[in-house]
Every structure is written in C-alpha cells, then in structure tokens.
**Student:** 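Below is one structure. I have some questions about it.
So that the names make sense, note that chain A is the first sequence line, chain B the second, and so on, each numbered from 1.
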There are 2 protein chains.
Amino acid sequence: MLTAMSAAPAERADAARNRQKILAAAARLVAAGAAERLSLDEVARAADVGVGTVYRRFGDRAGLVFALLDEQHQLFRTRVLEGPPPLGPGADAGDRLRAFLHALVDLSVGQRELLLLAESSSPPARFVSDSYAFQHAHATRLIAELCPDADAAFLADALLAPFAPSLIDHQCRARGFSPERIKTGFDQLLRGTLQPEAAVPPVEQASRRLPADDGSVADDGCANARR
Amino acid sequence: MLTAMSAAPAERADAARNRQKILAAAARLVAAGAAERLSLDEVARAADVGVGTVYRRFGDRAGLVFALLDEQHQLFRTRVLEGPPPLGPGADAGDRLRAFLHALVDLSVGQRELLLLAESSSPPARFVSDSYAFQHAHATRLIAELCPDADAAFLADALLAPFAPSLIDHQCRARGFSPERIKTGFDQLLRGTLQPEAAVPPVEQASRRLPADDGSVADDGCANARR
DNA sequence: CACCGATATGGAGAAGTTTCCGTTTGTCTC
DNA sequence: GAGACAAACGGAAACTTCTCCATATCGGTG
C-alpha cells in the first residue's frame, strides 16, 4: 500500500490521480446499476479523461474490473491470513478449509455482478490473477496438510472451479440454489475427499434433504435432434 | 438429423445451403490456425455471404462456435448412451462415472481451441447448452445412484466445473499438468466423495507420486501489494 | 405458370473495444 | 530555474460485434 515496491519505477503523480478518478467513476457507474454493459468509453467520459488513459492504466476491461474487485480481495486475504479462526490461523486444516470455502461462497454470491463482468471480459484472467494465486496456494497448503498423499495442487483447482461466476449465477438463478445449499454441497464434497478414514463431525444442517431439484432435464434416453 | 421436428417450420433450401457454407468456412478458418481471433466478418467473407446471414443463422459468436462443437458432442452423447461399458450402459454407476470423467478430460483437452473460443464468446453459454444439460443430467443420475443421500445436482455441477476450458488450458499450459494427471486427480476426488465407507478398487496407476508441481506460487505469507 | 406471403439476404451503420501516436506534463539534474 | 527525457495524455482511427431493413428469393397455390 504505502511502501513502494523496490524495482517498480514508481507511478507519477498525475497518473495516480487519474487512476483514482477512473476507479471512482467506474465504481459510481457500477453502483448506479450500469453494471453489465459498462463501457470503458463511458467510464472515460465520466472520469473526464481520454480512453487511451484508461487503457494505459488498466490494460483492458478485465483489468479495470479486477482493480475494482481488489479491495474486497485484500480484505478477504487479511481475514484468511490474520483473522480469527476457523478462517484465520489457529484452527485445524480441515476446519480452515471448510471455513475458507464457505467464506468464498458468500464472497462469490455477494460480488456476483462484478465477478460476472470480470469473467465475461476475460475468462482466463481469473486463473492468472493474484487473487486466484492466493486462493490456490492457500487451498493447496491445507489440502496437503490434510492428505499428504493427494495431488493437492489439482484438488485445489477442482475445489475452486465451482466458484466460476457464471456457474454460481446459474445455480442461484436457474437452479434456485441458496448459498446455504451450496455450502452444504461443498461440505459433502470435502467430507469424503479429504478424510481418508476419519469420521467427520456431522455438518451443522447435514440432515437437510435436497429441496426441489428445479425439476428440469431428466432426459438421457431422449434422442432429440440439435437446436 | 433427417427427421424434421414437429413444430419446426422447416428450413428453406437456400438457408440450409448457407448454413453449411458458413460452417465449412468457419471450420476451415479454425483449422487454418485463426482459431482465437476468429471474426464473424471474416467468416462471412470466407463463406461468401453477408454478415447478416451469419447472425440470422447462428445468433451470435457463441452460437456459431457451439454449432461447430455440436458434432463431437453428438458422438460423445451416443458413446455414453449406447456405447460399450464402462462409459456406456452396463457397468456399475461408479465405473461409469469414472469413465465419464476420463472421457471428458480427453474431450476437453482435445477440443481445447474451440472450447476456449466458445467460453470467451460467452462464459454463461456453457451452462445453458444442450451439451451441459446432458452432462449434468447424466452425472446427477450416476451420483444419485451411488449415494442417495447426497445433493447429486450440486455435486454434478461441482464435478463438471473443473472442465472450464480456461482452467483446463491453464492447467495444461501454466501448471504443466498432463491429461493423465488430471484423470488421476478426478479419481482422488471421486474416491472419497462418492464412496461413504466402501473401499474403492485401487486406481490403475494410483501409486504415482505427483511430479513437479511446476514449483510456483508458494507465498501465502507474503504481503505483496497489488499489480 | 404467374402470383404471393413468408423467409432469407447482404451490407450499411450503431456501439464498443483496443491500438497508435503526436503532444503535453511531471520529475530529475545541473 | 532551465533543460532533458521518460511517462502520461487524449482522441482519432482500425476493428469487432451485432442490429436493421429495403430488397431478392423460395416454394406452395389457384
């Protein structure tokens, strides 16, 4: 934040000022409901700078949106690294992993709008972002601690994959899943995967039966033609 | 294929002809390496039709790319529904699910180019596609059979989520995972999740230790600033 | 086979994204 | 403070995606 990283050439004063103006304008537009269909042209106009400046600062649409999401990620990162257990240090790896996924569900559902925007701007950007690198490293470490024999790096990807913004959105909208149902689902995924033999303490509302599956596609046998 | 669906007003001859011309031109361009950065304008020119025609036929970029993928999807569907076990009917649910995921790994890696294109055209399109509906229905059924108490619909989404084209691509490129490693990873995911108590027959090359993790990100404790 | 309504066509154009580059402005030195 | 230079600026231009609609075509019908 305040400590300029060593090799970084340091940002010029006017540049920093413009970065703030642009972020503020973008945040304003998003808050104003223009979330989807947020044009960089419009952002530039609202921030009263040229389009070129926006691109110089943020590279592309995805870059701007990620910058918008950054503050939340910093907070999350801090909660994970220094906050109270079970999300923060202190709890055992299993509890931490579970808390981590639950927190991620809340974050993903809460920031849905912006996350969808980021994803639509550039789907692969997620996987090369700082934020994903952090989540993957954290999950990998916890998984490795829980089961040293597993391919922790792969399992971390697999556990984070369901947080794809468009999947979360699809589950919330089309399938009608509640955040609680998603959390319970992750618990089921975790229970078996990461506890080779040990019996896991019953999940809080584990007795919950799956409600209306949304009564859709159950074909399989039907040979309907395309389109 | 040859049976015209009931309510469909039937496609006019010239329209059908143009559909083929467009698909052929698009396939040609993709094969020619212009996969990423495939412009519909260019496709229209190559197919010698107006842009408007491309849009009339396929709706948008995503529609065209999905149409290109459709043939492979039909073949896959047939293999699953009528092919030989363990992918096709006949094997027990656990074996079928495992074979299903393995086959999907091959499919996803094989069609990487086009799948990435489809995803970048419209990330949410995957989840409303026929192909995803089929995969989800099939996985849900198998999971429900294996563990009637689980939230099969959620677990199916969770198991399919790691097939996001950009994740597969990231794993292959940046992490250096081989398709075999991914398959083994899915086996680990399955083993615990879906077999509450039963011991699962050892996976073929289960003794394999995870090779070079690509030796990257292991920060976690580092508080590096953004960008 | 001439007619006609339903469809399809193609290209101009609206809207957005991204690149480029001549000009302006900080910032560091002397 | 004047000069030098890298960095930043802004907006025009090159491209894409997608929409619209006046015009051309198809394929039954009488």
**Student:** Distance check needed: D/dG11 C1' versus A/Asp48 CG, whole Å only.
**Tutor:** 13 Å
**Student:** Suppose we screen for salt bridge (Lys or Arg N to Asp or Glu O under 4.0 Å). Which residues come up paired with A/Lys21, at least two apart in sequence or across chains?
**Tutor:** none
**Student:** Holding to ring pair (Phe, Tyr, Trp, His ring centres under 6.0 Å), I want the full list of residues that pass it with A/Phe154, two or more places apart in sequence or in another chain.
**Tutor:**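 In terms of ring pair (Phe, Tyr, Trp, His ring centres under 6.0 Å), with neighbours along the sequence ignored, A/Phe154 is linked to B/Phe186.
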**Student:** Could I get the full list of salt bridge (Lys or Arg N to Asp or Glu O under 4.0 Å) partners for A/Arg12, not counting sequence neighbours?
**Tutor:** A/Asp14
**Student:** Pairs under 3.5 angstrom only: tabulate donor-acceptor contacts from the side chains of residues 36-52 of chain A to other protein residues two or more places apart or in another chain.
**Tutor:**
residue : atom : partner : partner atom : Å
A/Ser39 : OG   : A/Asp41 : N            : 3.3
A/Ser39 : OG   : A/Glu42 : N            : 2.9

**Student:** Just N and O in the side chain of A/Thr53: are any of them under 4.0 Å from OP1 or OP2 of D/dA8?
**Tutor:**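 Indeed not, no polar side-chain atom of A/Thr53 lies that close.
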**Student:** Please list, one pair per line, the donor and acceptor atoms closer than 3.5 Å that link side chains of residues 108-127 of chain A to other protein atoms, with sequence neighbours excluded.
**Tutor:**
residue  : atom : partner  : partner atom : Å
A/Ser108 : OG   : A/Leu104 : O            : 2.8
A/Arg112 : NH1  : A/Asp169 : OD1          : 3.2
A/Glu119 : OE1  : A/Ser166 : N            : 3.1
A/Glu119 : OE1  : A/Ser166 : OG           : 3.1
A/Glu119 : OE2  : A/Ser166 : OG           : 3.1
A/Ser120 : OG   : A/Leu117 : O            : 3.1
A/Ser121 : OG   : A/Arg61  : NE           : 3.2
A/Ser121 : OG   : A/Leu117 : O            : 2.8
A/Arg126 : NH2  : A/Leu160 : O            : 2.8

**Student:** Only counting residues at least two apart or in another chain, list the ones meeting ring pair (Phe, Tyr, Trp, His ring centres under 6.0 Å) with B/Phe58.
**Tutor:**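 Applying ring pair (Phe, Tyr, Trp, His ring centres under 6.0 Å) to B/Phe58 gives none.
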**Student:** How close or far is atom P of D/dA8 from atom NZ of A/Lys21, stated in whole angstroms?
**Tutor:**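 Distance, rounded to whole Å: 15 Å.
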**Student:** Please identify each residue that fulfils side chain to side chain donor-acceptor pair (under 3.5 Å) with A/Asp60, with sequence neighbours left out.
**Tutor:**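 Scan of A/Asp60 (side chain to side chain donor-acceptor pair (under 3.5 Å), adjacent residues dropped) gives none.
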**Student:** Taking atom types as modelled and ignoring hydrogens, do the side chains of A/Asp151 and B/Gln188 form a donor-acceptor contact shorter than 3.5 angstrom?
**Tutor:**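 Result is no, nothing qualifies.
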**Student:** Is there a side-chain contact between B/Arg19 and the phosphate of C/dA8, meaning an N or O under 4.0 Å from OP1 or OP2?
**Tutor:**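 Negative; the distance criterion is not met.
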**Student:** Summarise protein proximity over nucleotides 12-21 of chain C in one line of letters, 5' to 3': B for base, S for sugar-phosphate only, - for none, counting protein heavy atoms closer than 4.0 Å.
**Tutor:** ----SBBB--
**Student:** Taking only N/O atoms, report every protein-nucleotides 27-30 of chain C pair under 3.5 Å with atom names and distance.
**Tutor:**
residue : atom : partner : partner atom : Å
C/dT27  : OP1  : A/Ala13 : N            : 3.0

**Student:** Determine: side-chain N/O of A/Arg17 to OP1/OP2 of D/dA8, distance under 4.0 Å, yes or no.
**Tutor:**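 False: A/Arg17 side-chain N/O out of range (4.0 Å or more) of D/dA8 OP1/OP2.
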